[in-house]
**Q** 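Take this structure first; my questions come after.
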Amino acid sequence: MKNLSRSLLTMSLLSALALGAVSPSYAGERLDNIMEKKVLRVGTPGDYRPFSMKEDGKFVGHDVELVQKMADVYGWKVEFVHSSWSNLAKDMAANKFDVAVGGITRSPARVVTGDFLPAYAPFGKVALINKKNKNKLTSLEKLNNPNVTVIKNPGGTNEQFVLQNLTKAKILTHEKNYEIPQLIAEGKGDVMITENAEAKLYAKKYPQLHAQFLDKPLTPVNYMGFWMPTDDPDYTRVMNYLWNLMDLRGELKALDEKYGV
């Protein structure tokens, strides 16, 4: 009799689920909100080619295309939230977006406060310099010189590297990261510290520039990553699934090749 009651209860629950009378939520709050609104909020500084760049009022680049393809699987609309390197962590803590993209370094400091999707785009710190200094600025010691002017943008790991390793050089700060290569090309500075992909891109764009240390970066190899809040394991699981799906479908490889990442 007890087994019959259990069977009847099970059948009732299955019928209720089929009719939509019972709708238990298996997802955390963040994932629930995204599923309900069908909107994925994506934070990005939008000033770092080839990963994310704001051009003609819209965001373009490797990470922009990739996160859009991920969202398409669930039919989510991507809503970009313009942030900055200085405010990225604050904006994530303030719940202004669900994931941050745009060439974000997987750093020890960031992993303390956020989850990262699988690593991509291996890189090391290199120097974007004026081509006239190609045979002159050939080591970290030669960069760290009072006669060398380094231009950095505030926030992020490039600034950290400059402040920690180029203490003797003249350091200037420029708010817009994407404008710095042109300043170096025009001779208004000698060095911009960046990563492989950006250095190669701008050295190709400006004939006056040279990407120094590509073969032997100034730092050990590191990786980029999509950075997310840690408040919802269900959301993290879904995002990891989407990333893995993009990898298995060859979407990630195709974008890496398209953007030279």
Side-chain angles (χ1 to χ4, degrees), residues 23 25-107 110-111 113-121 153-156 175-179 197-198 223-247 249 251-252 254-256 258-259 261:
S23 55
S25 175
Y26 296 103
E29 184 176 354
R30 184 175 296 277
L31 183 57
D32 276 342
N33 289 335
I34 294 169
M35 288 291 198
E36 180 182 347
K37 298 176 182 177
K38 292 191 176 297
V39 174
L40 180 69
R41 301 170 302 157
V42 178
T44 182
D47 64 353
Y48 186 8
R49 292 185 175 95
F51 300 100
S52 173
M53 187 71 198
K54 194 169 187 179
E55 296 179 352
D56 300 323
K58 66 178 182 178
F59 291 96
V60 297
H62 176 281
D63 291 10
V64 173
E65 287 195 41
L66 182 56
V67 77
Q68 182 65 68
K69 289 179 181 293
M70 291 168 66
D72 286 346
V73 174
Y74 281 103
W76 298 337
K77 175 186 175 183
V78 174
E79 182 181 285
F80 287 102
V81 179
H82 200 180
S83 184
S84 67
W85 295 106
S86 299
N87 293 321
L88 200 61
K90 296 176 185 176
D91 288 347
M92 188 166 74
N95 193 28
K96 292 187 178 181
F97 48 75
D98 303 303
V99 59
V101 309
I104 299 171
T105 300
R106 291 163 56 100
S107 71
R110 286 177 177 146
V111 81
T113 58
D115 284 318
F116 275 103
L117 290 182
Y120 70 103
N153 69 303
E175 288 289 333
K176 297 179 180 179
N177 180 72
Y178 66 91
E179 292 181 347
E198 186 177 44
Y223 298 84
M224 304 294 183
F226 283 18
W227 194 28
M228 306 180 300
T230 59
D231 55 6
D232 187 348
D234 297 313
Y235 167 67
T236 301
R237 186 181 67 253
V238 167
M239 292 296 282
N240 272 285
Y241 160 75
L242 291 173
W243 182 278
N244 182 246
L245 184 63
M246 295 300 104
D247 191 14
R249 285 180 175 177
E251 300 281 9
L252 183 57
L255 287 172
D256 287 352
K258 176 180 178 180
Y259 287 99
V261 171

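Everything numeric in this text was worked out from a predicted model, so none of it was measured.
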**Q** Determine the sole option in E65, K69, M70 for which the side-chain contact (heavy atoms from CB on, under 4.5 Å) test with E251 is passed.
**A** K69
**Q** Tell me the closest heavy-atom pair linking T236 and P229, and the distance in Å.
**A** OG1-O, 4.3 Å
**Q** So which heavy atom on N177 is nearest to which on D47, and how close?
**A** ND2-O, 3.0 Å
**Q** Could I get the full list of ring pair (Phe, Tyr, Trp, His ring centres under 6.0 Å) partners for Y259, not counting sequence neighbours?
**A** none
**Q** Considering non-hydrogen atoms only, spot the tightest contact between G46 and F59 and give its length.
**A** CA-CE2, 3.8 Å
**Q** Between D63 and Y120, is the side chain to side chain donor-acceptor pair (under 3.5 Å) condition met? List the steps.
**A** CA-CA 11 Å; D63 291 10; Y120 70 103; 2.6 Å; yes
**Q** Do F226 and N240 have side chains that get closer than 4.5 Å, going by heavy atoms?
**A** no
**Q** Would you name the heavy atoms of M224 and T105 that are closest together and state the gap between them?
**A** SD-N, 4.0 Å
**Q** Does OH belonging to Y241 count more than 12 external heavy atoms closer than 6.0 Å?
**A** no
**Q** Quick one: closest heavy-atom pair of R110 and W227, and the distance?
**A** O-NE1, 3.1 Å
**Q** Quick one: which residue pairs count as a salt bridge (charged side-chain N to carboxylate O under 4.0 Å, His left out) with a foot in residues 79-104, not counting sequence neighbours?
**A** R30-D98, R41-D98, D91-K96
**Q** Which pair of heavy atoms, one from G102 and one from Y48, lies closest together, and at what distance?
**A** O-CD2, 3.4 Å
